Amino acid sequence: MVILLIVVVVVLLLTVTVLAAALVWLYKPASRPNEDLPFSTDPIDPPASGNIPDNPDIGDLPDTPGPSTPAYVARDEVYNFLLIGHDRAASLADVIMLVNYDVNTGKITIMQLPRDTYYVGDTNKNQLNVQFSAYVNRAYYKGEAKPVAVAASKFARVLEQNLCIKIHYTAVLDLDGFVNIVNAVGGVDVYIPVDMDYEDPIQDLYIHLKKGPAHLNGEDAEGFVRFREGFVQADIGRVNAQKIFMTAFMEKVKNSISLTNMSVLNTLVNEVVKNLTTDIPATDFIYFGKNALSVDFANVRMLTVPGDYAGGSYVINRGATLQIIND
């Protein structure tokens, strides 16, 4: 009888385990095609071209409808993420990225917004990263339980309304977390494009990196992605350096994580959980992580939002940005 009971318990445990694994494997986030969209989805129909009056040489022409704008349709399994990296001193958004992930095709597009992107909000400085800092500070002042999460949500609404997109998830990483995550994968190999020398004691930031190939630990990697003083284009130079690092980092993570090397995976997950503020549910997190590991790097595109500097700020090019977002 005891043996039979043990067998029954083992069978039940195995059944639960298999079912749980199957649920994780088959799970996908709920589709939300038109939920709380921050922009109008009504098609725009230009006036039909019809009769041309008072032109006897042409005569009457039949009414012909003009081209119609297709109705908005949210594509299934296509998601937009807002990723923010903030500094220690003032919660300024040093890194702002919009990530579009098409799970069906395995394509990922990462669009970076320079932190000094021109934005007229409700702060004393018309820059995008200052707006995020203001949201964080106000949330702290109001006694919000999760001030960074509240700020990220408000910041996402700003980008949604100005870029006419739907942001499904937000994630904010503090710099301590960034350092620890890079160390967890054993550092990253990159090519440093210029000598980098800069010190800011207030932020405990000391950057001394030489041009050429280098293996960066967490602290050096922080300096590499934050350095901007030596670039001719300032923040655009920093954004380009972040592209270099992100590509190398993603490749290192993909090569480091495997079922035979669970220690790296456990360390990485622990550091992410400790230092990441996100509204991504755990089940969705597993789903995206599982699928992202199979992404071909040939399908990853990184770009900077089109624009140029004017008056000390980076001004977005409306037409070029519209084309990228539509794509």
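Only a predicted model underlies this, so the values are computations on that prediction, with no experimental measurement involved. We count residues from 1, following the sequence as given.
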*Is it true that Lys125 and Asp116 make a salt bridge, defined as a side-chain N closer than 4.0 Å to a carboxylate O?*
no
*Side chains of Gln131 and Asn126: donor-acceptor distance under 3.5 Å anywhere?*
no
*What is the minimum heavy-atom distance between Ala214 and Ile192, and which atoms define it?*
CB-CD1, 3.7 Å
*Looking at CD1 of Ile110 and CG of Leu98, how far apart are the two atoms once the value is rounded to the nearest 0.5 Å?*
10.5 Å
_Within this structure, what is the CZ-CD1 distance for the pair Phe155 and Ile167, rounded to the nearest 0.5 Å?_
9.0 Å
*Minimum heavy-atom separation for Leu173 to Asn275, with atom names?*
CD1-O, 3.5 Å
*Applying the 4.5 Å side-chain criterion to the ILVMFWY set and letting contacts propagate, would Val305 and Val315 be lumped into a single cluster?*
no
*Using the side-chain contact (heavy atoms from CB on, under 4.5 Å) rule, take Lys252 and Met250 through it: C-alpha gap first, then chi angles, then the decisive distance, then the call.*
CA-CA 5 Å; Lys252 182 64 180 288; Met250 288 189 293; over 6 Å; no
*Quick one: do Leu83 and Val99 satisfy side-chain contact (heavy atoms from CB on, under 4.5 Å)? Show the steps, please.*
CA-CA 7 Å; Leu83 307 183; Val99 180; 3.7 Å; yes
_Once you measure the plane-to-plane angle for Tyr79 and Tyr287, does it fall in the parallel (<30°), tilted (30-60°) or perpendicular (>60°) bin?_
perpendicular
_Val150 backbone acceptor or donor facing Ser153 side chain under 3.5 Å_ = no
*Do Asn80 and Asn100 have a side chain donor and acceptor closer than 3.5 Å?*
yes
*Taking atom types as modelled, is there a side-chain donor on Asp284 or Tyr169 under 3.5 Å from an acceptor on the other?*
yes
*Got more than 12 heavy atoms from elsewhere within 6.0 Å of OH, Tyr191?*
yes
_If the test is ring pair (Phe, Tyr, Trp, His ring centres under 6.0 Å), which one of Phe245, Phe249, Phe224 qualifies with Phe178?_
Phe245
_Leu82: which of Leu159, Val172, Ile165, Thr278 passes side chain to side chain contact (heavy atoms under 4.5 Å, CB included)_ = Leu159
*asked:* Run the side chain to side chain donor-acceptor pair (under 3.5 Å) test against Arg301 and tell me which residues pass, sequence neighbours left out.
replied: none
*asked:* Hydrophobic clusters here meaning ILVMFWY residues chained together by side-chain heavy-atom distances under 4.5 Å, can you tell me if Met97 and Val78 are in one?
replied: no
*Sub-6.0 Å ring centroid separation between Tyr198 and Tyr206*: no
